[in-house]
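First the structure, in the form of structure tokens, and then the observations on it.
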Amino acid sequence: MAVPPEIEQRAIELREQLAEHNHRYFVLDDPTVSDADYDALLRELRGIEDQFPELIVPDSPTQRPGGAASALFAPVEHRQPMMSLDNAFDLDELLAWGKRLERTLGDPASNPLDYVCELKIDGLAMSLTYERGRFVRAATRGDGRVGEDVTANVATIAAVPKRLKGPDVPDLVEVRGEVYMPLGAFAQLNERQLAAEARPFANPRNAAAGSLRQKDASVTAGRELALWSYQLGAVEGGPSFRSHQETLDWLRAIGLPVNPEIRTLGSLEEVHRFCGHWQQHRHDLDYEIDGVVVKVDDLGQRRELGSTSKAPRWAIAYKFPPEERTTRLNAIMVSIGRTGRATPFAQLEPVFVSGVTVVQATLHNEDQVRAKDVRPGDTVIVRRAGDVIPEVVGPVLAERPKGLRRWKFPKDCPVCGQPLSRVEGESDTFCVNRDCPARTVGWISHFASRGAMDIEGLGERTVYQFAELGLLADPGDIYGLDWDRVRDLAGFGELSIANLQQAIEASKSRPLGDLITGLNIRHAGGTVARLLARSFGSLDRIMDASAEEIAAVEGIGRVIAESIHEWFEDERHREVIDKLRSAGVDFGRVEEPTAPQVLVGKSIVVTGTLEGWSREAAEEAIVERGGKAPGSVSKKTTAVVVGEAPGNAKVTKAQELGVPILDEAGFAHLLETGELPSA
Ligand code: IVH
């Protein structure tokens, strides 16, 4: 069935919105949508792409990149597997776990149970190996069996002893713990990132992961990571233990950091109270926790209980629910993006939710504000689940002051004062004035951003400053900046000017795909831009192409092709191109894909959380190697990669269709060789 044009249009719209949200989130640190809303958009796009796979383009946000690749670090086989934990979300689930324990261990009257309650640190699981008391290796969890060697990086963590203390040191011991970034260090790191106009980290866990994934350990050293140890893996020699509490005391005695908030309790009711206490007080700590880990204390009982293939039966993770807070909605404002899109957002009385002070949250568009019916002056519920992007759930109607008016979308652009226009049949409203300063600044800083011409030192603030002085009106002006006037500005010394000049000079030889990305052509984000670059080989050839010729490129549909063609027809855009040409910007540097194309023709679905990869990074690794990473399983799927807490429907469907299911190690093998691992 041919793709109906309105569906193609919607896919494009979703892709653009998602790309913009990614940019706001990762580059500007100024997200305007909640996680849940972002996911809803992504799901809608996945749904469309599942139905019409021909609409999938390699740089669709469903196929997008994320963090760093994993093949950088050598594999390490754990002597004892690093397991995950089953979860409980309330007292009933805790009690159900207790019943399962009793079924194996018998009557608690004759065989009483003690529970060790530990904070569940939201960091990265780590295995430290000590041989004859010397720190010899640190490895990430990986797929639980094989992790990555991060010894050099972990060696820079002050809390990790390089030599164990005391007479009782075993020949070999694997210590399990969590590497984390304290909140103070996280805040400082992000301040430094922002000052350097570098991408801030979304949360302390990502910051810790990013810091550990450095090839250069001196970068890790500057990141102030810390560790809590909480479990033993393989042990050869040394003392023997009867209880978990004893092992923790011993870990502390030999010099490893053990969290001070650990309690041993005699009933699950007390355990539940402990969980409730920390749910309330989690922000009294200088690190993030996402629950409580409850472990059977007696090691004999543990042996009796054993493990399933994934998790021990003797422990459970009590997970905290997403946090909600109420606060006052002071105002609803509208921001104008680089495409002119007008996005309403909530200006909130600052409120602390899940470790972050929230001052604003996106409201997406006019219809969303109407549906939620939040009004300036309302008390609203703000939620932040797990990750970073906060959302306004809705108003607390009982607290609505009398006479509050419904909010109305402004008629005019708040930046340039020209009328706003809502496209018929779409939910978005736009400022259509091409000279709107918000659009100009947005376009120029997008042109200079990392995904485009990568001009370090030309971030949004600087662009704004230059544009206000009339030094920049479009990206072409970057190459003809009046440096004498820049020199007169406060904050521009000779060194920063020289650096900026150098970055501008270097940008002239960026790959064509990045140049096209920077042109800010509607519907032509990074993926489409790279497709164009590869197919046409030079900007001039794209400019000369008809819409039909552009639409003939695989992965580019009619709507996109027309938008590209129209862009180049525009007189004002041609002027920008002329400025770039006279400045000597390379119009024909085409980059070949760098990763070996081992997955061409293969379609790999990723579900659940992988330890070593963000979902986006995993999907990007697939796309980079020429494969597809769709959001659902079909008989065309080559394999399904399953992490922790996978989507059940996907796993069941894969089983029904006989699609191979891979764990993280299998995935690594597939990426490297393009082959499915032999069973
Ligand atoms: S014990 C076999 N204790 O939670 C049991 N894990 O969801 C191994 N975690 O992969 C884990 N704090 O990264 C344990 N006090 C704690 C923990 C903890 C955080 C993490 C760990 C594990 C994950 C399981």
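Each ligand, and each atom within it, is numbered from 1 in the order the structure gives.
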Between ligand 1 and P312, can you find any atom pair, the residue atom being a heavy atom, that is separated by under 4.0 Å?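 It does; at least one heavy atom falls under 4.0 Å.
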Atoms of ligand 1 close to E118 [distance to a heavy atom under 4.0 angstrom, numbered from 1]: 3 (N), 15 (N), 16 (C)
Relative to the heavy atoms of L119, which atoms of ligand 1 are at a distance of less than 4.0 Å?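 Under 4.0 Å from L119, ligand 1 has these atoms: 12 (N), 15 (N).
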Counting only heavy atoms, which portion of A125 has something under 4.0 Å from ligand 1: side chain, backbone, both, or neither?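 Near ligand 1, A125 shows its backbone as well as its side chain.
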Mode of K295 contact toward ligand 1 - side chain, backbone, both, neither (heavy atoms, under 4.0 Å):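 For K295, the contact with ligand 1 is made by the side chain alone.
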Look at the rings of F320 and Y318 and say which category their plane angle falls in: under 30° parallel, 30 to 60° tilted, over 60° perpendicular.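 Perpendicular.
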As a check for students: among R302, R176, K120, identify the option with a heavy atom nearest to atom 4 (O) of ligand 1.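 Selected option, by shortest heavy-atom distance: K120.
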Check each of N87, L85, V258 against atom 5 (C) of ligand 1 and report the one with the nearest heavy atom.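 The residue whose heavy atom sits nearest atom 5 (C) of ligand 1 is L85.
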Which residues pass the salt bridge (charged side-chain N to carboxylate O under 4.0 Å, His left out) test with D50, sequence neighbours left out?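 Residues passing salt bridge (charged side-chain N to carboxylate O under 4.0 Å, His left out) with D50: none at all.
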Hey, is E288 close enough to R205 for a salt bridge, meaning N to O under 4.0 Å?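 No, this pair does not count.
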Heavy-atom closest pair, residues A217 and T156: O-CG2, 3.6 Å
Give a yes or no on whether R192 atom CZ has more than 12 heavy-atom contacts from other residues, nucleotides or ligands under 6.0 Å away. yes
Geometry only, no angles: is E178 polar-contacting ligand 1 at N/O separations under 3.5 Å?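 Yes: some nitrogen or oxygen of E178 is under 3.5 Å from one in ligand 1.
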Distance-only criterion, 3.5 Å: show the donor-acceptor pairs between side-chain atoms of residues 247-257 and protein atoms not counting sequence neighbours.
residue, atom, partner, partner atom, Å
T247, OG1, H244, O, 2.6
D249, OD1, Q245, NE2, 3.4

